[in-house]
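Inspection log for the structure reproduced underneath, given as structure tokens.
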Amino acid sequence: MENYIVSARKYRPSTFNSVVGQKALTATLKNAIATHRLAHSYLFCGSRGVGKTSCARIFAKTINCSNPTADGEACNECDSCRAFNEGSSLNIIELDAASNNGVDDIRQLVEQVQIPPSQGTYRVFIVDEVHMLSAAAFNAFLKTLEEPPSYVIFILATTEKHKIIPTILSRCQIYDFKRITVRDMIDHLTYVASQEGMTADPAALNVIARKADGAMRDALSIFDQVAASSRGNITYQSTIENLNVLDYNYYNRLLDCFLSGKVLDTWLIYKEIRDRGFDSHFFINGLADYMRDLMVARDPSTIVLLEADDEARKAMAATSAKCSPDFIYRAMNLCNEADLNYRTASNKQFLIELTLAKICQLSSPSPDNSGTGEGRLQKIQPATTSPATAQASQPLLPFKLKAARPNHKPLSQLLSIQTITEEIIRLKTIRRLNLCNNKGQPPSHTRHHRHNSLQS
Ligand SMILES: Nc1ncnc2c1ncn2[C@@H]1O[C@H](COP(=O)(O)OP(=O)(O)OP(=O)(O)O)[C@@H](O)[C@H]1O
Ligand SMILES: [Zn+2]
């Protein structure tokens, strides 16, 4: 039986061009190599699994390649490249500072630095998780980092740039790696699936990519997990079951109930979700994310904020066209409220059911159009329709906005995320100011926040 290699290792990029989602950065590195403008120390920063170590290795290989391509890539065929690819080159030394963070470890490394390469041009020292070095180790390292022998190049990598002391930062050329977008991940996973002779539903890869949260290594590991139970065909259903992800369809169904005011139907859906073993807090946060996605999908200029492929974006845009921005904004607020109150609520199920009922209440246009009518809450008279909502022929707002609020802006005019954020900050500030007026001095944490809000 062939040895199984996990995809994250098997598909580690071996050229700059095969690194996903870091185009500008790899172009700069390639250019520096082609024009022989090499610094002696680099700092690669970025979250986990985005290609820092891979790029450091490609860099080390490329500057030692005896026959680089016209495009500035390593040839992957010369003796040096082959040694690098087989992991037997003596010109690359990797130190994991997370487990070797003492002065002695750095002294050993400094000793190694004195040995010139027996073959090739450069010896490259990669220090991973460099922020983990102890203060004494950092100090022992500084001098060598500043003036290494001409054949030495340091590549320091970190997931926590803010922990790197300024004396190190100022000695390095700094490269910031980006999180990998869902789209780039889906493309890469599609490629991996085809290489593995598997078929994969884009919706399934979308779920995997979102769960990976910007880290390509995680996406590949999750892919392996799903692939193991998929027998060559990765479907959406098998993926959500394997990863215990709540089916998006539940949220779509809930939205339909919200928009037609069917309170009891939302409770039934919520029961289904609980019966399938999903945690209520997880569910309400998922609903908050869904509402947020609906908001950004409303506008072609903000849909880029929706981490999904084109197909999913289109579907979300069509769904969001059913709702008014006011509805989404208020639903987001209600989800947020439920999230904040969840831990302290003595009856958590009731809290969620009440939240669902309140969201239903948001969009109810008139008593005649109230679904089954069962479980309907007492309605608040609609406020007058703003031009924005009337134009979009959206349901009337069932809320009367309190006239007492100073500087009130009609919420239906709040079309962009930015204005909504500003509105939240403004309302919080007013609330806190009221707090101060009512109680004299606010408690210390309130004072701190108030200070921030007023500044912003
Ligand atoms: N940008 C990328 N393009 C293609 N594959 C990637 C990329 N980033 C990560 N990977 C995949 O994830 C694996 C791990 O990546 P790598 O070690 O380069 O990440 P890293 O940023 O150094 O992570 P860490 O900070 O956790 O060490 C690679 O072997 C590769 O399969
Ligand atoms: Zn080569």
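Nothing here was measured: the structure is a model prediction, and the numbers come from that model. Counting starts at 1 for both ligands and their atoms, following the listed order.
- Remark: ligand 1 and G51 share an N or O pair separated by less than 3.5 Å (distance only, no angle test).
- In this view, D218 and R48 satisfy the salt bridge (Lys or Arg N to Asp or Glu O under 4.0 Å) rule, not counting sequence neighbours.
- Under the rule for a side-chain hydrogen bond (donor to acceptor under 3.5 Å, both in side chains), the partners of Q349 that lie at least two apart in sequence or sit in another chain are E353.
- Atom numbering of ligand 1 starts at 1 in the shown order; those under 4.0 Å from a heavy atom of K52 are 18 (O), 19 (O), 20 (P), 21 (O), 22 (O), 23 (O), 24 (P), 25 (O).
- Between S7 and ligand 1, a contact under 3.5 Å exists for no N or O pair.
- Distances between N or O atoms of I180 and those of ligand 1 include no value under 3.5 Å.
- Note: no N/O pair closer than 3.5 Å links Q22 and ligand 1 by distance alone.
- Against a heavy-atom cut-off of under 4.0 Å, V19 is close to the following atoms of ligand 1: 1 (N), 3 (N).
- Considering only non-hydrogen protein atoms, atom 24 (P) of ligand 1 sits nearest to R217 NH2, 3.5 Å.
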Derivation and outcome, side chain to side chain contact (heavy atoms under 4.5 Å, CB included), residues I168 and L156: CA-CA 10 Å; I168 298 264; L156 316 179; 3.9 Å; yes
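- In this structure, the separation between CG on D275 and CD1 on I273 is 10.0 Å, given to the nearest 0.5 Å.
- Within the listing of ligand 1, atoms 25 (O) sit less than 4.0 angstrom from a heavy atom of T159.
- The closest donor-acceptor contact from the side chain of D105 to the backbone of G102 lies under 3.5 Å.
- Residues satisfying the salt bridge (Lys or Arg N to Asp or Glu O under 4.0 Å) test with E241, not counting sequence neighbours, are none.
- Q22 places a side-chain N or O within 3.5 Å of a backbone atom of V50 that can act as its donor or acceptor partner.
- Of the polar atoms of G49, at least one N or O is found under 3.5 Å from an N or O of ligand 1, judged by distance alone.
- Listed by number with element, the atoms of ligand 1 under 4.0 angstrom from any heavy atom of M216 are 5 (N), 6 (C), 7 (C), 8 (N), 9 (C), 10 (N), 11 (C).
- Minimum heavy-atom separation, V20 to I180: O-CD1, 3.5 Å.
- Considering backbone and side-chain atoms together, S18 places no N or O closer than 3.5 Å to any N or O of ligand 1.
- Heavy-atom neighbours of K178 NZ from other residues, nucleotides or ligands within 6.0 Å: at or below the threshold of 12.
- If you number the atoms of ligand 1 from 1 as listed, the ones under 4.0 Å from a heavy atom of R48 come out as 23 (O), 25 (O), 26 (O).
- The shortest heavy-atom distance from P13 to ligand 1 is under 4.0 Å.
- Counting only protein N, O or S atoms closer than 2.8 Å to the Zn ion (ligand 2) gives 4.
- Distances below 4.0 Å separate heavy atoms of L220 from the following atoms of ligand 1: 11 (C), 31 (O).
- Close contacts of ligand 1 with Y11, meaning ligand atoms under 4.0 Å from a residue heavy atom, involve 31 (O).
- Using modelled atom types, one side-chain atom of E73 and one backbone atom of F16 make a donor-acceptor pair closer than 3.5 Å.
- Salt-bridge formation is detected for the pair E147/K143: a Lys NZ or Arg NE/NH1/NH2 atom is positioned less than 4.0 Å from an Asp or Glu carboxylate oxygen.
- Under the 4.5 Å side-chain criterion, counting only non-hydrogen atoms from C-beta, Y122 is not in contact with P117.
- In summary, D79 and R82 engage in a salt bridge, as defined by a charged side-chain N under 4.0 Å from a carboxylate O.
- Remark: minimum distance from atom 22 (O) of ligand 1 to any protein heavy atom is reached at T53 OG1, 2.6 Å.
- In terms of polar-atom proximity, V20 is counted as a contact of ligand 1, with an N or O under 3.5 Å from an N or O of the ligand.
- For the pair R274 and Y270, the cation-pi test (distance below 6.0 Å, angle within 45°) is passed.
- For atom 16 (P) of ligand 1, the closest heavy atom belonging to the protein is S54 OG, 3.6 Å.
- Atoms of ligand 1 lying under 4.0 Å from at least one heavy atom of A8, given by number and element, are 13 (C), 28 (C), 29 (O), 30 (C), 31 (O).
- The pair D213-R179 counts as a salt bridge, with a side-chain nitrogen and a carboxylate oxygen less than 4.0 angstrom apart.
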